Structures are given as structure tokens and as C-alpha cells.
Amino acid sequence: MSSNHASLDAAATERKARLAKLSALKRKQPEPETLPDAGAGDDEAGDATHDVTTTYLSGRNYDAETRGPKLGFDQNPLDGQATLEDQAAEIAKATAEQAKKDEEADQPIDLFKLQPKKPNWDLKRDLDEKMKVLNVRTENAVAKLVRQRIENAQRAAKEKGAKQNGEGEEVGIEGEMLVEGIHVREREEEEERRDREDDEMA
């Protein structure tokens, strides 16, 4: 046993000695490029040291530009990857939205929101179908009355023998009566339009 320990100790010391010689030789080796001029020597010296650092240093933990250790990543290693935190945030957002929908579904229905603005909206709706026929008949009756008034005015003008403009044009309905009839019809149309708008709002 002791002979094995002695031989292992001897081998270790020999190896240490060889490594020490190699490191000493490495330190004593001359630089590959010599400095020719003093003026251009500064730039070349900087290039030589840069070449030496890039040649002998791996750059894994050493930053050659700052001549110190690397303090962080150049690029985040998790860029473009779905992380567990992102997935957890999405799940939390989805559960919060679902809980909000469930709370709204559990609340009782507000009857004031369901009520129409006017209490007679259904009566007007049912009446509109029936009123279509009556509206047509009303328009026909108004047109018939206007025609009768015109004919009566023309007969009255013939009886008096009055002629206008010397060309023999017969006098029609008086201007005031015609304007009054037009105003009445416009008022009726305005009321119908307002009723339709009220129904649409309700």
C-alpha cells in the first residue's frame, strides 16, 4: 500500500513540475508581431492585445471590450417562448372574466329595464296593421273632397259668368282653401311621423 502511495505522490509531483515549466514557457514566449514604428505603434499595440484576448480567452464569462466579467445577457434567452408565467396570467384573466359573467348571470332581472318607455306600445303595434287600410281610404276621401270643392268653385264661377285673364280660363278652387287643405294634410303627416318615431324609440 505504501509503495502505491509513494508512486502516486511521485507522479503527481512530476506532473506539477511539468505544468509549471509549460506555464513559464508560455509566459516567456515573444509576441507574434513586433512593433516597427513608434507612431503607428499605439494602434498596432491595441490590435495585438485585442488579438491576444480573443485568441486565448473564450469570452464566455469575460467581456473583451470592457475588460471585465460579463454582467448580463446580450439577449434574453426566453424571447419568443411561451413561459409558465405567461400561461398562468392568461388562465387568471380567463377565470376572472368567467367569474364576472357568472356574477352577472346570478343577479336578479331588473324589471324597470324590461319595461317599455310607453305603456301603450303594444296597442299601437297592433293598431298599425289595421290603420294601413284606413290610411289609404282617408287619402282617397281627402282627394275626393278636394275635387268636389274644385268642381263646386268652377260651377259657381260659370254661374256668375266671371272670366279671368280674358283668355277664357275657368276659375278653380280659391287659393285660401287650397292652402288650408295643404296645411291640414301636412299636419296629419307630421303627427303620423311623430307616432312612428315614438314607436321606434320604445
Side-chain angles (χ1 to χ4, degrees), residues 4-5 8-9 11-37 39-132 135 189-202:
N4 283 339
H5 285 300
L8 287 175
D9 287 337
T13 53
E14 286 177 9
R15 186 167 180 273
K16 286 179 184 177
R18 274 186 282 143
L19 287 173
K21 283 181 185 178
L22 284 173
S23 62
L25 286 174
K26 212 177 222 185
R27 286 184 198 142
K28 291 179 183 178
Q29 280 183 351
E31 294 181 1
E33 295 182 12
T34 56
L35 302 174
D37 294 334
D42 295 337
D43 295 335
E44 292 179 2
D47 293 340
T49 55
H50 182 65
D51 292 336
V52 169
T53 55
T54 54
T55 304
Y56 293 109
L57 298 174
S58 67
R60 183 172 58 185
N61 295 328
Y62 178 76
D63 190 3
E65 294 177 0
T66 60
R67 294 183 177 259
K70 284 188 177 176
L71 299 176
F73 294 107
D74 294 336
Q75 186 178 4
N76 189 359
L78 299 178
D79 280 345
Q81 295 182 1
T83 60
L84 191 61
E85 289 82 7
D86 295 338
Q87 293 174 357
E90 289 175 4
I91 291 171
K93 184 190 266 186
T95 52
E97 290 175 359
Q98 186 65 31
K100 189 175 181 182
K101 288 179 184 176
D102 291 342
E103 286 178 6
E104 291 175 358
D106 291 342
Q107 290 179 355
I109 297 172
D110 188 7
L111 296 178
F112 290 107
K113 290 182 181 176
L114 292 178
Q115 284 183 348
K117 292 182 180 178
K118 293 195 174 184
N120 61 352
W121 68 273
D122 56 340
L123 298 175
K124 286 186 178 179
R125 180 195 62 200
D126 296 339
L127 208 68
D128 283 342
E129 294 296 323
K130 297 175 183 176
M131 288 296 290
K132 286 181 182 177
N135 287 337
E189 289 176 356
E190 183 69 22
E191 288 175 2
E192 290 176 4
R193 186 180 60 80
R194 286 181 187 163
D195 288 342
R196 280 190 223 119
E197 288 178 357
D198 291 343
D199 292 342
E200 291 173 1
M201 293 293 287

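Owing to the predicted nature of the structure, the values given are computational and were not obtained by experimental measurement. Residues take their numbers from the sequence shown, with the count starting at 1.
- Contact annotation: the side chain of K132 never approaches that of D128 to less than 4.5 Å [non-hydrogen atoms, C-beta and beyond].
- Under 4.0 Å is where a charged nitrogen must lie from a carboxylate oxygen, and between E192 and R196 at least one such pair does.
- Taken from CD in E90 to CD in Q87, the straight-line distance is 7.0 Å, to the nearest 0.5 Å.
- Listed by chain and number, the residues in a salt bridge (charged side-chain N to carboxylate O under 4.0 Å, His left out) with E189 are R185 (sequence neighbours excluded).
- Remark: T13 OG1 to R18 CZ distance equals 10.0 Å, nearest 0.5 Å.
- Not a single salt bridge (charged side-chain N to carboxylate O under 4.0 Å, His left out) links R15 to another residue, sequence neighbours left out.
- A heavy-atom distance below 4.5 Å is found between the side chains of D122 and R125.
- Under a 4.0 Å N-O distance rule, the pair E190/R193 qualifies as a salt bridge.
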